[in-house]
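Numbering of residues begins at 1 and proceeds along the displayed sequence.
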Amino acid sequence: MKTTWRSASLAAGTVAVLALTSACGSESGTSASSQNVGATAPAGGIGGVGSGYGGVGASASASVTGGVGTGTGTGAQTAGAGELAISANAELGKILTDSAGKTLYRFDADTAEPPKSNCEGDCATTWPPVSADDLSAGDGIDKSLLGEVTRPDGSKQLTVGGWPAYYYAKDAKAGDTTGQGVGNKWFALAPDGKKAKSDSGSGSGSDSAQAGLSVRKDANLGDIVVDKSGMTVYRFLKDKAWPKPVSNCNGACRDKWPVVEPVDFADTKGIQKKGYMNFTRGDGDPQQTINCFPIYTFSGDKAPGDINGQGVGGTWYAVAPNGDLVGAPKQ
């Protein structure tokens, strides 16, 4: 469908991200076009069914049950949502659903500015993308928040507040929210595109009161970056930031030092914005940077506040809010 960008603010956000990217050198595969969907004629069915996700040959046929497309043999199929609605959930409050009452979700590894889906192949089979074609906004939904992003196969995926929208294949019926909190990365979509919150404000299904990345004052190290669970964030001396981010921690190293997946800058507190970007690792996974340097947590840290990774091997150090190494010997 031919539409125009949904808001000047999001366009500005895209320019800002591109500016950050250019500061670290060109990074391919991190931008995507996104347009405003707005209100269109309500219709169900499958829009933009694609092929090539699983690399298993020709595209497969799909059927629709409650708006969710199911494919056989080639991976993901985008599914039409019909008229979007706001539904009340006893635990999560207001969530977005499709015309059949199926819950819509978002993925923490995606980005909203610019909109980009990082769920393909087997991931997109478990989490079918919601098609941007043939849908409309129901009562109470801000049409300006609805947009679309072009997936690698050319199909159009719905975005809400910039976040790509998905179904969960294991949701069997209307009102199911079994995808909430899966892997601590998947969350039901609130009408404004944010993560739906539980009534208690805590637990795997809610936005933590702590930002995705924030700053903690450590008694020994001073101001250091921590993730949303309060775990210390580290840098690896063998990584590179210029002319573009490169992680040299792979295989067994990555098992010991889990990468920090992309975190929207709006979900940070006290972090330097310059050079704040994500990139695609050599193994194909996305990773967050601060001042263009890849960042990690440490498997040896068992509780918030632990700094057991500090100085390990003379190559791993905590990160300052501007991306500098904390406590490392002068180079």
request  = Output yes when a side-chain donor or acceptor of Asp171 lies under 3.5 Å from a complementary backbone atom of Thr178, and no otherwise.
outcome  = yes
message = Does either side chain, that of Ser87 or that of Thr97, offer a donor lying less than 3.5 Å from an acceptor on the other one?
response = yes
key: Shortest non-hydrogen separation from Pro294 to Arg235 and the atoms involved   = O-CG, 3.6 Å
CG/Asp139: more than 12 non-hydrogen atoms of other groups inside 6.0 Å = no
Polar contact flag, side-chain donor to acceptor under 3.5 angstrom, Tyr317-Asp324 = no
Test side-chain contact (heavy atoms from CB on, under 4.5 Å) applied to Val233 and Leu213, step by step = CA-CA 9 Å; Val233 170; Leu213 289 173; 4.1 Å; yes
task = Indicate the atoms forming the closest heavy-atom contact of Thr103 with Ala188, along with that distance.
result = CG2-CB, 3.9 Å
ask   = Can Asp285 and Arg254 be counted as an ion pair, charged N to O under 4.0 angstrom?
value = yes
message = Let's go through Lys274 and Asn322 carefully: what are the C-alpha distance in whole Å and the side-chain angles of both, what is the deciding distance for side-chain contact (heavy atoms from CB on, under 4.5 Å) to 0.1 Å, and is it a yes or a no?
response = CA-CA 8 Å; Lys274 180 182 178 181; Asn322 64 354; over 6 Å; no
task = Tell me yes or no: between the side chains of Lys156 and Thr150, is some donor less than 3.5 Å from an acceptor?
result = yes
key: Reported CD-to-CG distance for the pair Glu261 and Asp227, which is rounded to 0.5 angstrom   = 11.0 Å
ask   = Checking side-chain contact (heavy atoms from CB on, under 4.5 Å) for the pair Gln287/Ser247: CA distance, chi angles, key distance, verdict?
value = CA-CA 9 Å; Gln287 184 171 2; Ser247 169; 3.8 Å; yes
Expected output: side-chain Ser131 to main-chain Asp133 donor-acceptor under 3.5 Å = yes
task = Rounded to the nearest 0.5 Å, what's the gap from CD1 on Ile295 to CD1 on Ile290? Could you check?
result = 4.0 Å
Spacing of OG1 belonging to Thr280 relative to CG belonging to Asn278, to within rounding of 0.5 Å = 7.0 Å
ask   = When clusters are formed from ILVMFWY side-chain contacts under 4.5 Å, directly or step by step, what else is grouped with Val246?
value = none
message = Is there a side-chain hydrogen bond (donor to acceptor under 3.5 Å, both in side chains) between Tyr168 and Asp176? Walk through the geometry before answering.
response = CA-CA 9 Å; Tyr168 185 41; Asp176 282 354; over 6 Å; no
Whether Tyr296 side chain and Phe236 backbone form a donor-acceptor pair below 3.5 Å = no
request  = Starting at NZ of Lys185, measure out to CG of Asn118 and round the result to the nearest 0.5 Å.
outcome  = 11.0 Å
ask   = Just checking, is any N or O donor in the side chain of Asp110 or Tyr166 under 3.5 Å from an acceptor N or O on the other one?
value = yes
Phe279 versus Thr289, closest heavy-atom pair with distance = CD2-CG2, 3.4 Å
ask   = Quick one: does Arg281's side chain have a donor or acceptor within less than 3.5 Å of a partner on Asn248's backbone?
value = no
request  = Using atom types as modelled and distance alone, determine if a side-chain donor or acceptor of Lys116 lies under 3.5 Å from a backbone N or O of Glu113.
outcome  = no
remark   = Rounded to the nearest 0.5 angstrom, the CG-CE distance for Asp301 and Met231 is 5.0 Å
